[in-house]
Amino acid sequence: MTFASFYEIYAEDKKARLKESTWESKSHVIEKKILPYFGKRKIADIEAKDVIAWQNELMKYRDEKGKPYSGDYLKTIQAQLTAIFNHAVNYYNLPRNPARQAGSMGKEVPKEMKFWTKEQYLIFAEAMMDKPRSYYAFEMLYWTGIREGELLAL
């Protein structure tokens, strides 16, 4: 069975279990970064050395401005390949996961959290008082600790 054929099975198994937006992100990465490289290969014939060669290609990539893929993005791509092989190992008797054998690629960069001290916020709030809608929105954000996305969802 080719990798692309197995991906169709994987998609059928996983799609119903994920939110639509999650599946869209996952499938985009798989279809753009993984299938072009592994799609026509037999899944059982893919070895760790093949995964390493694929990783090296992705790590060498530079866009028109000379920028490589971020460590976060490389890690995301690797996670999708690993997930597909894990599914094949766990449910379809593939003997091993070559993505796991090859090791990871990229690394997650910790995001810095920026926040205001109480004194900084009170100075800001004083300046916002003449705009009631904005003032109350920021009051809710600051004093509850809720994030903007969570507030918008509510």
Side-chain angles (χ1 to χ4, degrees), residues 1-121 124 134 137-138 140-154:
M1 173 181 286
T2 65
F3 187 90
S5 297
F6 183 75
Y7 171 63
E8 290 175 23
I9 293 168
Y10 176 77
E12 190 69 31
D13 290 350
K14 288 292 183 178
K15 196 173 185 178
R17 298 172 180 264
L18 300 171
K19 290 193 313 187
E20 186 177 339
S21 60
T22 302
W23 177 252
E24 286 175 12
S25 298
K26 193 175 187 58
S27 64
H28 175 78
V29 167
I30 295 166
E31 290 167 12
K32 299 294 181 194
K33 306 298 179 206
I34 299 172
L35 284 180
Y37 194 88
F38 293 112
K40 294 179 181 173
R41 308 258 329 255
K42 290 189 185 270
I43 194 166
D45 293 344
I46 298 171
E47 298 178 10
K49 65 180 179 165
D50 303 316
V51 174
I52 290 169
W54 168 78
Q55 290 172 334
N56 289 340
E57 274 191 34
L58 289 171
M59 289 187 288
K60 285 181 202 170
Y61 171 82
R62 298 294 181 269
D63 67 13
E64 62 278 349
K65 295 178 183 174
K67 295 187 112 192
Y69 290 131
S70 72
D72 278 350
Y73 189 56
L74 290 172
K75 189 171 180 73
T76 297
I77 298 168
Q78 175 72 32
Q80 297 310 320
L81 181 66
T82 301
I84 292 170
F85 278 119
N86 279 341
H87 194 74
V89 168
N90 294 335
Y91 302 106
Y92 294 95
N93 299 319
L94 187 71
R96 70 204 169 336
N97 180 339
R100 180 173 286 150
Q101 288 176 311
S104 63
M105 161 180 69
K107 63 181 178 181
E108 204 169 343
V109 178
K111 309 280 189 289
E112 182 179 324
M113 281 278 235
K114 296 180 181 178
F115 59 91
W116 288 337
T117 63
K118 183 177 177 182
E119 294 75 25
Q120 291 170 321
Y121 176 73
F124 170 79
S134 297
F138 280 106
M140 187 140 51
L141 287 168
Y142 185 79
W143 295 109
T144 64
I146 196 170
R147 295 180 295 232
E148 181 184 4
E150 295 168 330
L151 180 63
L152 291 171
L154 290 173

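Fair warning: this is a prediction, and the values are worked out from it, not measured in the lab.
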Close side-chain approach of [X] and [Y], heavy atoms under 4.5 Å:
| X | Y | value |
| --- | --- | --- |
| Leu81 | Tyr37 | no |
| Met59 | Trp54 | no |
| Tyr61 | Leu58 | no |
| Phe85 | Arg96 | no |
| Ile43 | Tyr7 | no |

Exercise for the section: Tell me yes or no: between the side chains of Tyr69 and Lys33, is some donor less than 3.5 Å from an acceptor? Expected result: yes
What do you reckon, is [atom1] of [X] surrounded by more than 12 foreign heavy atoms closer than 6.0 Å?
| X | atom1 | answer |
| --- | --- | --- |
| Arg62 | CZ | yes |
| Met140 | CE | no |
| Glu20 | CD | no |

Practice task
Please confirm whether Tyr91 and Tyr10 have ring centers closer than 6.0 angstrom.
Solution key: no
Exercise for the section: Could you tell me the separation between the CD1 atom of Ile77 and the NZ atom of Lys32, rounded to the nearest 0.5 Å? Expected result: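 Separation between the atoms: 13.0 Å.
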Exercise for the section: State which residues pass side-chain contact (heavy atoms from CB on, under 4.5 Å) with Ala44; sequence neighbours excluded, sorted by chain then number. Expected result: Leu94
Practice task
Take Thr2 and Ser5 through the side-chain hydrogen bond (donor to acceptor under 3.5 Å, both in side chains) test and state the conclusion after the steps.
Solution key: CA-CA 5 Å; Thr2 65; Ser5 297; 2.9 Å; yes
Exercise for the section: Applying ring pair (Phe, Tyr, Trp, His ring centres under 6.0 Å), name anything that partners Phe124, two or more places apart in sequence or on another chain. Expected result: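 Scan of Phe124 (ring pair (Phe, Tyr, Trp, His ring centres under 6.0 Å), adjacent residues dropped) gives Trp116, Phe138.
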